Amino acid sequence: MYCTKCGNQLPDDAQVCDVCGERFAPEPQKGPELMFEQPKAQKETKQTGVPSAFRKWVKEQGLFCLIAKAVAVTVMAFYMLVSIVHMITLAVARYPGGTIFAQFFTELLQGVVYGVIIWLLSDAVLYLQNLVKLKKQEQKK
């Protein structure tokens, strides 16, 4: 080893230079190198899960399918509200209970069926779009 101040050659375990008196701190001994990174602190890890999965789903759907699914949910909610209002109207008009609930469930089921049909049609459109993309990719190869 050499002195950093005067350049004199010294033994490797020297703590003081014989010529100029410069003091040396002993070099810390290195432990074995780690082959893997140590895990980061819990606070530093970014949470992934539902939000990132939702973003991925939205990206895969495309604008048309998202609008169609929003329409499907809106149709179902609309029919649910209509059936509730109709049930209340029949109750106020003093219809028999069986008639009221039959009307309520008929309208509610009708809304669910319409919503599911719209939802499935949007999925069918998405499926067809993906098929078209695959065909175009195959033709390019």
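When reading the values below, keep in mind they use all heavy atoms of this one structure, side chains included, and skip hydrogens, waters and symmetry mates. The model shown is predicted, which means the values in this text are computed figures rather than measured ones.
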Residue pair Q15 / R23, side-chain heavy-atom distance below 4.5 Å: no
Are N8 and C20 side-chain neighbours, meaning at least one heavy-atom pair lies under 4.5 Å? no
Among D123, V73, V71, V113, find the one that has a side chain to side chain contact (heavy atoms under 4.5 Å, CB included) with I118. V71
If I compare all heavy atoms of I100 with all of L90, which pair ends up nearest, and what's the gap? CG1-CB, 3.6 Å
Point-to-point distance, once rounded to the nearest 0.5 Å, from OG of S83 to CD of Q110: 10.0 Å
Nearest 0.5 Å, please: how far is OH in Y79 from OG1 in T74? 13.0 Å
Quick one, S52 and R55 - any side-chain contact, counting heavy atoms below 4.5 Å? yes
To the nearest 0.5 Å, what is the distance between OG (S122) and CD1 (I67)? 11.0 Å
Here the pair of heavy atoms bringing V19 nearest to C6 is CB-SG, 4.2 Å
Is the closest side-chain heavy-atom distance between M80 and M76 below 4.5 Å? no
If the condition is ring-ring contact (aromatic ring centres under 6.0 Å, His included), which residues does F104 pass it with, not counting sequence neighbours? none
Give, for atom CH2 of W119 and atom SG of C65, the distance between the pair rounded to the nearest 0.5 Å. 10.5 Å
How long is the straight-line distance from CD of Q139 back to NZ of K136, given to the nearest 0.5 Å? 9.0 Å
If you take all heavy atoms of C17 and L10, which pair is closest and at what distance? CA-CD1, 3.9 Å
Could you tell me whether the side chain of M87 reaches within less than 4.5 Å of the side chain of Q103, counting heavy atoms only? no
What are the two closest heavy atoms between L126 and Q61, and how far apart are they? CD1-O, 3.3 Å
Could you see if I88 belongs to whatever hydrophobic cluster contains L108? Use Ile, Leu, Val, Met, Phe, Trp, Tyr and a side-chain cutoff under 4.5 Å. yes
Are I84 and F101 linked, directly or through other ILVMFWY residues, by side chains that come within less than 4.5 angstrom of each other? yes
Would you say that V125 contacts F64 through its side chain, given a criterion of any heavy-atom pair below 4.5 Å between the two side chains? yes
To the nearest 0.5 Å, tell me how far F78 CZ sits from L81 CG. 8.5 Å
